[in-house]
Amino acid sequence: MKIFVKVKPSAKEEKIVKVDDNHYRISVKEPPVGGRANTAVSASLATFFKIPKANVKIVSGLTTRDKVIEISI
């Protein structure tokens, strides 16, 4: 399943908001330096969907806030 994510790095608190079936807004505490925010997004989604981190793959948007993520359940 592919989902579209809008990421807010360096947020005060971590949270995931489901906008609709395929769109999410994710806030992570990690800064967007050295891929740390991307790692935090993958970990947050894995926890949210209760799947291993290996099943979460960022398909596009590695350097932007808008990302397409593939989830293997």
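- Side chain of K6 to main chain of D66: no donor-acceptor pair is present (N/O by atom type, distance under 3.5 Å, no hydrogens or angles).
- For the atom pair D20 CG and F4 CZ, the distance stands at 10.0 Å (nearest 0.5 Å).
- Here the side chains of N38 and K67 are in contact, with some heavy-atom distance below 4.5 Å.
- One finds the CD atom of E13 at 9.0 Å from the NZ atom of K8 (value rounded to the nearest 0.5 Å).
- Contact of the S10 side chain with the P31 side chain is registered, since non-hydrogen atoms from C-beta on lie closer than 4.5 Å.
- Within the structure, the side-chain hydrogen bond (donor to acceptor under 3.5 Å, both in side chains) test picks out no pair touching residues 40-61 (sequence neighbours left out).
- With rounding to the nearest 0.5 angstrom, the CD atom of E14 is 9.0 Å from the OG atom of S27.
- Nearest heavy atoms, E70 versus K2: OE1-CE, 4.1 Å.
- Taking each heavy atom of P32 and A37 in turn, the nearest pair found is CA-CB, 3.9 Å.
- Between A40 and E30 the shortest heavy-atom distance is CB-CG, 3.7 Å.
- Through direct or indirect side-chain contacts shorter than 4.5 Å among Ile, Leu, Val, Met, Phe, Trp and Tyr, I26 is connected to M1, I3, V5, V7, I16, Y24, V28, V41, L45, F48, F49, I51, V56, I58, L62, I69, I71, I73.
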